[in-house]
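All remarks here apply to the structure that follows.
Only this structure's heavy atoms are used, side chains among them; waters, hydrogens and symmetry mates stay out. Letters A, B, ... are given to chains in the order of the sequence lines, protein chains preceding strands, and every chain is numbered from 1.
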Amino acid sequence: MIVRMSPLDIDATVISNVRLSADYNVLTLAAPEIGAETEPGQFLMVKPGLGTDPLLRRPFSVFEVLRDDLGTVRAISILNKRAGVTTGRLYTLEPGARVACLGPLGTPFTPPVNGGEAWMVAGGVGLAPFATLAEALAALEVPATLFYGARTGEELFYLEFFERLGVRIVLATEDGSRGTHGRVTVPLETALGALPAPGATTVYACGPEPMLAAVARLAARHDQPCEVSLERVMGCGLGGCYSCVVPVRSPGDPQPHFVRSCIAGPVFDGAAVVWE
Amino acid sequence: MIVRMSPLDIDATVISNVRLSADYNVLTLAAPEIGAETEPGQFLMVKPGLGTDPLLRRPFSVFEVLRDDLGTVRAISILNKRAGVTTGRLYTLEPGARVACLGPLGTPFTPPVNGGEAWMVAGGVGLAPFATLAEALAALEVPATLFYGARTGEELFYLEFFERLGVRIVLATEDGSRGTHGRVTVPLETALGALPAPGATTVYACGPEPMLAAVARLAARHDQPCEVSLERVMGCGLGGCYSCVVPVRSPGDPQPHFVRSCIAGPVFDGAAVVWE
Amino acid sequence: MDLSVRIGSLEMPNPLIAASGCFGYGLEYEEVVNLASLGGVAVKGLFLNAREGHPPPRIVETPSGMLNAIGLQGIGVHRFIDERLPRLREAGARVIVNICGTTIDEYVELAKILSQEEGVGALELNISCPNIKEGGIQFGCSLTGTHAVVSAVRKATTLPVIPKLTPNVTAPATFARAAEDAGADAISLVNTFLALAIDVESRRPRLSNVLGGLSGPAIRPIAVRMVWECRQEVKIPIIGMGGIMDARDALEFMIAGANAVQIGTANFVDPFVWGKILDGLTSYMQRHSIARLQDLVGTMDTSAPAAAHA
Amino acid sequence: MDLSVRIGSLEMPNPLIAASGCFGYGLEYEEVVNLASLGGVAVKGLFLNAREGHPPPRIVETPSGMLNAIGLQGIGVHRFIDERLPRLREAGARVIVNICGTTIDEYVELAKILSQEEGVGALELNISCPNIKEGGIQFGCSLTGTHAVVSAVRKATTLPVIPKLTPNVTAPATFARAAEDAGADAISLVNTFLALAIDVESRRPRLSNVLGGLSGPAIRPIAVRMVWECRQEVKIPIIGMGGIMDARDALEFMIAGANAVQIGTANFVDPFVWGKILDGLTSYMQRHSIARLQDLVGTMDTSAPAAAHA
Ligand SMILES: Cc1cc2nc3c(=O)[nH]c(=O)nc-3n(C[C@H](O)[C@H](O)[C@H](O)COP(=O)(O)OP(=O)(O)OC[C@H]3O[C@@H](n4cnc5c(N)ncnc54)[C@H](O)[C@@H]3O)c2cc1C
Ligand SMILES: Cc1cc2nc3c(=O)[nH]c(=O)nc-3n(C[C@H](O)[C@H](O)[C@H](O)COP(=O)(O)OP(=O)(O)OC[C@H]3O[C@@H](n4cnc5c(N)ncnc54)[C@H](O)[C@@H]3O)c2cc1C
Ligand SMILES: Cc1cc2nc3c(=O)[nH]c(=O)nc-3n(C[C@H](O)[C@H](O)[C@H](O)COP(=O)(O)O)c2cc1C
Ligand SMILES: Cc1cc2nc3c(=O)[nH]c(=O)nc-3n(C[C@H](O)[C@H](O)[C@H](O)COP(=O)(O)O)c2cc1C
Ligand code: FES
Ligand code: FES
């Protein structure tokens, strides 16, 4: 049920920090040992800097697993969005700084069964787990689409990366500056409605919780399997603290139960999650 | 009694960090407004980095007041010796980092009266307040000598700086690798014994407390005025917390009293301090 | 916008008070902050007579906090009246005198002496200093003792009487009730938490007094809880404190139930913090359309938690 | 070098114990740390029956600390015995079961059930959980309650009985005495400090339960003081905890009077902390020529403070 490799804790050096916008940056970290073990959808627990304020690590999806020409993993990266104290620090780090990285952690995405298509639905920083998933899908030769929504066109990143992997891209922005005007669920709903057979397309989603709830509901309504990657405040990332729980319904049990999203997730069957 | 300019709090950018040895570095800070007001012997309360661990600022002498060719103050520097958490961080800072600097604080050295000589006695990082004092003495055309002791010859810094100001230099090292073998009080005692008239030479000392006590006793025995700069754990630097007290005897009062070294000091009359 | 707050006869233009022992006698900070711009200044704890305090080391830093055992070094009430009070009056400071005694009579005598002086805004009864045996903590840790000392001082003065409560008890709210019943105009809380730090290399305590009092951000969540508990128990104004570093922290105490706040340790970290907090309070009031800051007091809404995903 | 420590019949190779609630049921950490290499593993607090706990948010970070209000989510004692205990036994862990009840009878029943199982090393009585009304805190905040629950469990089991004390009382040492008098083999302290954090923008508590328990380095100086006070009062072993992050912190507790220590929050920050602390303890013993680590317990020298200028 719970599959996990032994996580590593690496005091990784920052190789580069590319600021994509006023709020987003990509931090490349010298933690190849973690990258080599990471499956799409897994995460790290990260702590930049010393001292006990801030005290706890913070969870981040592994964004890229970076390889050299021979295919050897050299580094990983995280896509960071400023939200508070730690993400604020991660935005300002310069090469040479150190970031403690514990990982890989959590249950990854499940590749599509029965040779169907894969649709990835990303909201904002929810793009993070899909770079590695897109690579895995390309390797499995699964046709893939990325539905990607952001506040504005300027916050749509890494489109070329996905294009290079042959991923079809559908964009939506809340201000209408690029792609569909509105939420990413708008083009998703249209596309789901146009699908011929139920169950042939697996929907993967990561983003704000209301978006995930909407995607899960849409997928269920159109009889497509759906996996969502949920964000929770996480104290430990290893199942130790019970802080990160998500209410899920097990098959055959009408009563929802709290499960720890750091080990039972962060990827969940969208139909099992009890949305608020 | 307590003379103080309004201190400034400047979020200073690190201009350079020159590591002099495995433990010592000189950090140049863009806080010219503080430098312009600093008198020799005054100090800063410093905090690198954000967050509440470490919480309090730490006291540092103003080492250099750096001017451009036109004489305009451009920066200040501190001579830092690694001793714990904050000094450890100050050692590693790179240009561009920020250090909050509150100052100038405290009572400065008094220039020699009656046109005598000035002898500076420095132990280790106790060199820090003497760069600005030597400049002031040179400007006043007071003949100056630096007695400077360290553990080894490799920990004797900035000798050329003092030579350039015409300061006579007498060295001592505990391992005998340079200058007199032993404590700096050894050559000082010899020199004091060779002085003709009492009171013509003012002795200024900064360094470990046992050294200061010895210097104060030697100066008293040879009837020379003596000022010492004392180190105390300081919570605030402004007289607010009463953490930094030094027992001193006031003239005419046999009973010693605790005075706050951040405002009544850090420079004290060596004869007034009650040494342990 | 109205930031004012009133504690008995003491009217303050804003709720920011310098905490006792963290601001000298106030005059030390004259060059850094306009004393009249503060709500009030609680001066260093005063006994009848001068005291030397404990030998150093008197403070030690701990994670997000500090221990102190100053031992109430001070000039005594008479020198305070002669040498400091006139200058504080001139500076326009609203002075809260923090008084300490070893007996009820000493508190009463201090109250009587200070009541005759112009420029004393209120009396804060320090019955909670953890660092000295004779610092009134015997009153602060007993309900009857708290009631007795507050009643006695109440009878001796018309100045606002503000007992300062210790957090080192099971139920601070019961002490708040005792204080209110005895006629206190307000309560201050918290004083510091009794604590110990040991140097493991020498196996010796880091403070000369062995034990010290913990202050700073480390204690804030406990102090906020205690203010909230006391707010359920008493109607008189509460002056909250413990680790306030910025406007958000001050607002947290007010929402929990504090009418005013004191700022101690933060002042060491940043003596210019006062203006920053005041600005933060006014911009919060603007953002939330709050005309009277006192309307915010005790308004925590427990119907649902804050969203984790802001 | 001898790092061993004994608590009643429980012999541990070293004094490092995973704190209850901070290490799941131990098995979660099997890939990160060899469970047999720890002195012991205190598992997540167990009731007779399974519990869902509080809704999220369940934790919030504070300066150098964290609040938690998990609400004792757990699988109940029977599933624990069936599903977890055999695997813990196999892993060679010395298991300390942290038990919670709402009545004395529940504690007794839990003790009886667990006494029949192989692989239970000791019982830690959680009479100090601040986050749930029915978590035994009513016993932990009353001297007679503490005495009663410890006596009752004592009669029901031959396993070592270790009541876990709350720091939210005026004098923890009196509770230590009550526990010793009632036949406890050791005491654990501290559990978390009752605390509150409020989001000022929404004016709502940051935790669904409103109040939570403060743990982490922020509380360490208070916890060390309490251990030291209890050491003066009782002879039985003390298991100290509260904010231990490294070997120096663990040694500080031992010098204050703890025979063993638990590590909770630090484990979240660094799950590999165990080996680092163990190494730190042995190198300290070498540096100070200490052959038996237990010889260090309670050796604080109060004749003079540590030199400020190391
Ligand atoms: C499995 C997982 C993967 C994630 N991947 C990424 C990623 O790739 N890139 C990225 O930028 N962010 C990611 N996040 C979210 C990221 O962890 C939070 O933004 C971060 O913890 C906030 O830390 P902070 O110190 O900056 O904020 P704080 O100062 O601690 O808090 C600021 C705000 O963020 C909220 N918050 C705190 N922790 C979390 C959390 N764990 N999840 C959501 N909100 C939180 C707080 O409630 C508060 O409102 C991920 C979260 C999870 C659980
Ligand atoms: C007026 C004054 C001027 C000073 N000027 C300089 C200077 O120019 N360059 C320099 O390198 N240092 C100077 N110091 C000493 C410097 O302040 C301390 O080394 C520093 O505070 C240690 O901080 P830390 O965080 O690195 O050490 P911590 O981790 O806090 O403690 C490490 C050790 O240093 C001791 N210590 C802590 N604070 C002080 C203190 N204020 N004074 C002495 N020992 C302390 C502690 O007791 C402990 O043993 C000065 C001190 C004073 C009072
Ligand atoms: C160095 C120091 C000295 C203190 N002296 C006193 C005092 O004399 N009287 C008093 O009532 N409280 C005293 N206190 C307690 C503070 O007034 C305040 O209650 C406590 O520090 C918590 O607030 P803070 O975290 O903002 O500092 C002192 C605190 C510190 C740090
Ligand atoms: C998330 C969390 C859950 C906890 N759950 C329990 C519990 O179930 N039973 C218990 O006795 N203590 C529990 N505690 C308290 C810890 O065991 C410990 O007493 C406290 O956290 C102080 O130690 P620390 O600062 O090292 O974490 C919990 C603490 C945390 C942080
Ligand atoms: S984050 Fe600790 S149990 Fe999930
Ligand atoms: S450092 Fe605070 S009074 Fe001197």
Side-chain angles (χ1 to χ4, degrees), chain A residues 1-11 37 45-59 84-86 100-106 209 230-248 253 255-264 274 276, chain D residues 18-33 43-45 50-75 206-208 212 215-218 220 243 245-246 249 264-273 275-276:
Chain A
M1 195 185 66
I2 290 161
V3 187
R4 195 166 70 203
M5 308 290 298
S6 300
L8 300 167
D9 187 19
I10 301 199
D11 184 26
E37 301 293 333
M45 291 295 285
V46 152
K47 183 171 157 81
L50 304 168
T52 58
D53 179 50
L55 177 65
L56 299 171
R57 295 181 186 234
R58 299 290 192 273
V85 47
T86 296
C101 295
L102 177 74
L105 300 168
E209 190 134 335
L230 277 173
E231 278 196 15
R232 277 291 179 278
V233 173
M234 288 186 176
C236 71
L238 286 168
C241 72
Y242 282 80
S243 66
C244 59
V245 292
V246 170
V248 300
D253 184 351
Q255 183 64 31
H257 290 293
F258 280 134
V259 299
R260 288 165 285 179
S261 67
C262 63
I263 52 179
V274 180
E276 272 155 50
Chain D
S20 178
C22 303
F23 207 65
Y25 297 105
L27 302 164
E28 289 86 345
Y29 284 83
E30 252 187 315
E31 283 135 6
V32 173
V33 47
V43 295
K44 176 82 198 146
R51 288 172 60 94
E52 277 298 301
H54 298 311
R58 292 176 164 193
I59 64 167
V60 59
E61 191 169 308
T62 65
S64 296
M66 62 179 282
L67 307 192
N68 88 78
I70 307 298
L72 289 167
Q73 177 175 352
I75 56 178
R206 288 194 178 272
L207 296 175
S208 74
S215 65
R220 190 170 64 234
M245 300 300 281
D246 57 26
D249 300 340
T265 304
N267 181 64
F268 303 156
V269 181
D270 179 6
F272 294 96
V273 73
K276 297 172 193 171

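Using modelled atom types, one side-chain atom of Gln73(D) and one backbone atom of Phe258(A) make a donor-acceptor pair closer than 3.5 Å.
With a threshold of 4.5 angstrom between heavy atoms, Pro247(A) does not approach chain D through any atom at all. Within the 4.5 angstrom heavy-atom criterion, only side-chain atoms of Leu102(A), from C-beta onward, approach chain D. Both the backbone and the side chain of Asp270(D) come within contact range of chain A, judged by heavy atoms closer than 4.5 Å. Interface remark: Phe272(D) contributes side-chain atoms only to the contact with chain A (heavy atom separation under 4.5 Å).
Minimum interatomic distance between Glu28(D) and Gly239(A) (heavy atoms only, all atoms of both residues): CG-O, 3.6 Å. Across all non-hydrogen atoms, the minimal contact from Gly240(A) to Phe268(D) is C-CE2, 4.2 Å. Between Arg232(A) and Pro56(D) the shortest heavy-atom distance is NE-CG, 4.4 Å. Between Pro217(D) and Thr52(A), the closest heavy-atom pair is CG-CG2, 3.7 Å. Counting all heavy atoms, side chain and backbone alike, Tyr242(A) lies closest to Arg58(D) at O-NH1, 2.8 Å.
By the 4.5 Å heavy-atom criterion applied to side chains, Pro57(D) and Val233(A) are not counted as neighbours.
Of the listed residues (Val85(A), Leu8(A), Val246(A), Val245(A)), the one with the most heavy-atom contacts under 4.5 Å to chain D is Val245(A). The choice from Met234(A), His257(A), Met45(A) that makes the most heavy-atom pairs within less than 4.5 Å of chain D is His257(A).
The distance from atom CG of Leu67(D) to atom OG of Ser243(A), rounded to the nearest 0.5 Å, is 12.5 Å. Within the model, atoms CE of Met66(D) and SG of Cys241(A) stand 6.0 Å from one another, a figure rounded to the nearest 0.5 Å.
Annotation: salt bridge (Lys or Arg N to Asp or Glu O under 4.0 Å) contacts of Asp53(A) (sequence neighbours excluded): none. Residues forming a side-chain hydrogen bond (donor to acceptor under 3.5 Å, both in side chains) with Thr62(D) (at least two apart in sequence, or on another chain): none.
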